[in-house]
Amino acid sequence: MDLTYKRQNIYAVCDEAERKRIFEYNEGYKKFLDNGKTERETVAETVAMVEAAGYKPYTLGDKINKGDKLYYNNRGKALFILRAGTADVAKNGVRILVAHVDSPRLDLKQVPLFEKADMAYLKTHYYGGIKKYQWLTIPLALHGVVVLKNGNKVNVNIGESESDPVFYISDLLPHLSQEQYSKSISEGFQAENLNLLIGGIPAVGEDKEAVKKGVLALLNEKYGMVEEDFLSAELEAVPAVKAKDVGLDRAFVASYGHDDRVCAYPEITATLQTETEQTVLTILADKEEIGSEGNTGMQCILIRDLLDEIAKSYGVNPSVLREHSMCLSADVTAGYDPAFASAFEEMNVGFVGKGVTMNKFTGARGKSGSNDASAEFIGYLRKVLEKDGVIWQTGELGRVDLGGGGTVAKYIANNNIDTVDMGVPVLSMHAPYELVSKADVYSAHKAFSAFVK
Ligand code: MN
Ligand code: MN
């Protein structure tokens, strides 16, 4: 009898049929990635998926009946998908899956447009934790909405189709970079220089700001907007790249925004495809990358309102329902990267290809700011995952005292709900083009399916 703990490489132990399922599953995932690059687009894409599966919009205050399939669209940026089960929610509570659908990016400022040296630019304010230099000299697309003076909302999506132009942020040539090389990476690239090049042809007959006026004329023609309309716009620059297989054996997928759509997609498929009597609440959250603030982030009381509506409809005490509910906070974790081995502690890190990774705790400097899940809850989950043959592993974000990070887990747990972090290990997290193993994406689907059963 082997008494030691070992991780397993899924590709090494799975049979041919399972490998085929892994690869087929990831074809769907890649489409999901390419069709939704922002929180708004991912919510819209998911609404279409759940509506096709018979889910109906829910209005707060309406009675929820056993067997109902509902969704609550929070301002087009966050989504709650509810499967009202037949099981007793006073005993079993609600099974909650939560992932976030916002990703690091460059947001336009509210007064963004300027001209310098006959080139027109849009100023940005980055959203979430980025390494600024990674966003230079790559093709960027512009996604979002503009609310015009007349109240009409126009959707913007430029840079994704083959015939679209893209936007661009320049870097200094190596020949002239002696000063830049001598600076630290965090000082060598200034946030105020993350300006998107948007035009270079002066408007005819203008002598002041002619290029800027040329750009405004094009925006006016296409969207009916004037410069002041940027005030009521949310425009996000994201990498104009598509999800691609990586490696001759196609073991991996590279994409923008795996964090955290690589957990959102398995949540959705697990929710739509699993036969279950449990009540399942699946959440796509916004604003995780900036602290889960605001009315579309997980600190908003909306989750509490929805749990209350379930309790009221089922005739159950809401505090009893919450006490018996449990949650997988599905967010990515750092995958072990041999190129940066010293950032990790090799016994306690998620390895790419070895399955969806549970983080008992996150946080920084002595677990600070972390939801530290209980041994009892993890013991329960071990049994659930084992029963369905899910290959999974445990990990921490990195070496102790090197840095750290948090997730939405604590905001769910604050409602007296057992919660643990579980997600796909990612290489180059928060880079414009991140990498995951296909085997881990499918492992997440299997783990979330087992949890909602
Ligand atoms: Mn995340
Ligand atoms: Mn993140």
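We count ligands from 1, going down the list as the structure has it; atoms in each ligand are counted the same way. What's counted below: heavy atoms across the whole structure, side chains too, no hydrogens, waters or symmetry copies. If you're wondering where the values come from, they're calculated on a predicted model, not measured in any experiment. Positions are given from 1, in the same order as the sequence printed here.
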Dump the intermediate steps for side-chain hydrogen bond (donor to acceptor under 3.5 Å, both in side chains) on Tyr25 and Thr269, then the final yes or no.
-> CA-CA 10 Å; Tyr25 183 82; Thr269 57; 2.7 Å; yes
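- In this view, Glu179 satisfies the side-chain hydrogen bond (donor to acceptor under 3.5 Å, both in side chains) rule with no residue, not counting sequence neighbours.
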What's the verdict on salt bridge (Lys or Arg N to Asp or Glu O under 4.0 Å) for Arg105 and Asp107, showing C-alpha distance, side-chain angles and the deciding distance?
-> CA-CA 6 Å; Arg105 60 186 191 240; Asp107 285 347; 2.6 Å; yes
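- Note that Lys438 lies in the cation-pi zone of Phe23, set by a 6.0 Å cut-off to the ring centre and a 45° limit from the axis.
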Review item, side-chain donor-acceptor pairs of residues 131-146, under 3.5 Å, at least two apart:
unit_1, atom_1, unit_2, atom_2, d
His143, ND1, Glu41, OE1, 3.0
His143, ND1, Glu41, OE2, 2.5
His143, NE2, Glu160, OE2, 2.7

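- The number of protein N/O/S atoms found under 2.8 Å from the Mn ion (ligand 1) is 4.
- In this structure, Lys183 has no salt bridge (Lys or Arg N to Asp or Glu O under 4.0 Å) partners at least two apart in sequence or on a different chain.
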